[in-house]
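Here is the structure we will look at.
Everything numeric here is computed off the predicted structure, so don't read it as measured data. Each ligand, and each atom within it, is numbered from 1 in the order the structure gives.
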Amino acid sequence: MSDTDTPINANFKPRVFSGIQPSGGLTLGNYLGALKRFAMKQDEGIETIYCLVDLHAVTVWQDPEALRRQTREAAAAFIASGVDPQRSILFNQSQVGAHAELAWLLNCVARLGWMNRMTQFKDKAGKNAEKASLGLYAYPALMAADILLYHATMVPVGEDQKQHVELTRDIAAKFNHDFGVEFFPAPEPLIEGTATRVMSLRDGTKKMSKSDPSDASRINLTDDADTIAKKIRKATTDPAELPSEIDGLKDRPEARNLVNIYAALADMTPAQVLGEYGGKGFGTFKPALAELAVEKLAPISTEMGRLMADPAEIDAVLGQGANKADAIARPIVERTYEIMGMVRSR
Ligand code: AMP
Ligand code: TRP
């Protein structure tokens with residue numbers, strides 16, 4: 001669906017917003033599911049705004065030094081993946097105060113019943129939800145604020161974030177309805193491509209994640225060529241050969257995952273990959289995938305290393321991005337206060 005299919009969006013110009021938490025090192029899942037697509041949207045000439053959501057990160061405990069380092073590292077990963085701070089706005093959330101302000105206002109629009117349906121909260125809070133922070137519960141309303149603060153119409157995310165973008169639409173619609181305005185658009189989740197859900201290299205039924213305790217389960221964007229190749233060689237697989245048709249991957253999550261990763265890295269469809277490798281075993285396919293992964297990812301990790309050597313330069317980029325973001329966000333949050341009846345007299 002394109003953003004103009006929702007009638008209200010015809011009143012807003014196409015604008016992309018997305019965010020990533022700087023709560024750990026980024027993975028191949030983040031690259032294929034998010035960063036690579038972020039750079040592609042920018043290259044299509046659409047206005048693109050990308051945010052390192054440090055306010056979201058602290059909904060669970062973060063060591064302050066680690067958070068600072070990971071925020072700079074994530075910024076380096078964006079730039080190394082092709083997000084150009086001259087053509088996209090790239091910044092960290094806490095530097096633009098309007099995010100926290102609009103989040104509060106939207107906390108008062110969102111309903112408890114809606115929040116109770118959010119599966120990510122249930123997953124992250126685990127069995128002991130009483131001990132979870134209030135921020136973790138309110139997390140989706142902050143995410144709605146991130147998106148609506150820019151009147152963004154398109155939100156490229158992985159499959160796991162679809163529910164939060166749908167909640168954002170509900171919050172926007174309720175706000176517009178309650179106050180009799182057409183102020184917020186209805187943002188569309190963009191979930192495209194073969195790698196919207198990259199799975200763990202150890203267990204094809206689990207998402208590849210920066211928070212998985214096993215480092216072998218993921219490829220980190222900071223991994224060097226040898227580490228990348230070794231992790232792919234050791235990835236869990238079944239003994240059968242690759243099928244020649246997609247149907248043959250149905251009950252083989254590990255094989256399907258590796259085929260999808262290959263397809264996404266090579267800009268091919270999974271069917272094309274099977275056209276080439278169907279009938280061949282993992283003894284052939286894994287080295288080919290390792291070579292492809294190293295070819296695509298090693299330059300990113302090298303460039304990240306170069307950028308990380310000058311943290312002051314990264315901070316300057318984030319500061320300039322925050323200024324540009326603020327110029328869009330400030331008038332929108334001011335207007336929201338006014339719509340809700342607050343006196344704004346300075
Ligand atoms: P997170 O790392 O949870 O902050 O996610 C940042 C972005 O990367 C979101 O758009 C996620 O949907 C996407 N993402 C994270 N892990 C994966 C994965 N394993 N496969 C595809 N996309 C992912
Ligand atoms: N919740 C998202 C995640 O964990 C990160 C995020 C925060 C985000 N705000 C956003 C994504 C706004 C898209 C748009 O991946």
Quick one: do the Asn116 and Tyr137 side chains pair a donor with an acceptor below 3.5 Å? yes
Heavy-atom closest pair, residues Cys51 and Phe17: CB-CZ, 3.5 Å
With a cut-off of 4.0 Å, which atoms of ligand 2 are near a heavy atom of Val155? 13 (C), 14 (C)
Could you check atom 22 (N) of ligand 1 against the protein and tell me its nearest heavy-atom contact, residue, atom and distance included? Gly29 O, 3.3 Å
Among all the protein's non-hydrogen atoms, which is closest to atom 9 (C) of ligand 1, and how far away is it? Gly158 N, 4.1 Å
Of all the atoms in ligand 2, which lie at a distance below 4.0 Å from a heavy atom belonging to His56? 7 (C), 9 (N)
Can you tell me if His151 uses its side chain to pair, donor with acceptor, with the backbone of Phe183 under 3.5 Å? yes
Give the residue, atom name and distance (to 0.1 Å) of the protein heavy atom nearest atom 3 (O) of ligand 1. Lys207 NZ, 4.3 Å
Which ligand 1 atoms are under 4.0 Å away from a heavy-atom of Gly33? 21 (C), 22 (N)
Options Met143, Gln120, Gln161, Gln21, ranked by nearest heavy atom to atom 15 (O) of ligand 2, top entry: Gln161
In terms of side-chain heavy atoms, does Asp223 have a donor or acceptor partner in Asn220 at a distance below 3.5 Å? yes
Answer yes or no: is there a donor N or O on one side and an acceptor on the other, between the side chain of Ser88 and the main chain of Leu90, under 3.5 Å? no
Protein residue, atom and distance nearest to atom 4 (O) of ligand 1, heavy-atom basis: Gln21 N, 3.3 Å
Between Gln70 and Gln21: side-chain donor-acceptor atoms closer than 3.5 Å: no
Does the gap between the ring centers of Tyr150 and His99 come in under 6.0 Å? yes
Is there a nitrogen or oxygen of Met208 sitting under 3.5 Å from a nitrogen or oxygen of ligand 1? yes
Going by the 4.0 angstrom heavy-atom rule, the piece of Thr196 near ligand 1 is backbone
Starting from Leu292, can I reach Tyr277 by hopping between I/L/V/M/F/W/Y residues whose side chains sit under 4.5 Å apart? yes
Which segment of Val198 sits under 4.0 Å of ligand 1 when only heavy atoms are counted: both
In terms of side-chain heavy atoms, does Glu73 have a donor or acceptor partner in Thr222 at a distance below 3.5 Å? no
Ligand 1 atoms nearer than 4.0 angstrom to some heavy atom of Ala34 are 7 (C), 8 (O)
Least distance between heavy atoms, Ala329 atom then Val96 atom: CB-CG1, 4.2 Å
Note: Val157, heavy atoms under 4.0 Å from ligand 2, region reported as side chain
Atom of Glu254, atom of Gly204 and distance for their closest heavy-atom approach: OE2-N, 2.8 Å
Just to confirm my output: which protein heavy-atom neighbour is closest to atom 15 (C) of ligand 1, and how far is it? Asn30 ND2, 3.2 Å
Does ligand 1 have a heavy atom under 4.0 Å from the side chain of Lys210, from its backbone, from both, or from neither? side chain
For Lys206 against Asp212, the heavy-atom pair lying closest together: NZ-OD2, 3.5 Å
Per-atom filter on ligand 2: closer than 4.0 angstrom to a heavy atom of Val53 are 7 (C), 9 (N)
What distance separates Ile328 CD1 from Leu149 CG, expressed to the nearest 0.5 Å? 9.0 Å
min-distance protein heavy atom vs atom 12 (C) of ligand 2 -> Phe17 CE2, 3.5 Å
If we set the cut-off at 4.0 Å for heavy atoms, which region of Ala195 has an atom near ligand 1: side chain, backbone, both, or neither? backbone
Which residue owns the protein heavy atom closest to atom 9 (N) of ligand 2, what's the atom, and how far is it? Asp146 OD2, 2.7 Å
Who's the nearest protein heavy-atom neighbour of atom 1 (N) of ligand 2, and how far? Tyr139 OH, 2.6 Å
So which bit of Ile147 gets within less than 4.0 Å of ligand 2, heavy atoms only: side chain, backbone, both or neither? side chain
On a heavy-atom basis, which atom in Gly248 and which in Arg252 lie closest, and how many Å separate them? O-CD, 3.5 Å
Atom 5 (C) of ligand 2: the protein heavy-atom neighbour that sits closest, reported with distance to 0.1 Å: Gly19 O, 3.5 Å
Do me a favour and list the nearest non-hydrogen protein atom to atom 12 (O) of ligand 1 with residue, atom name and distance? Asp160 OD1, 2.6 Å
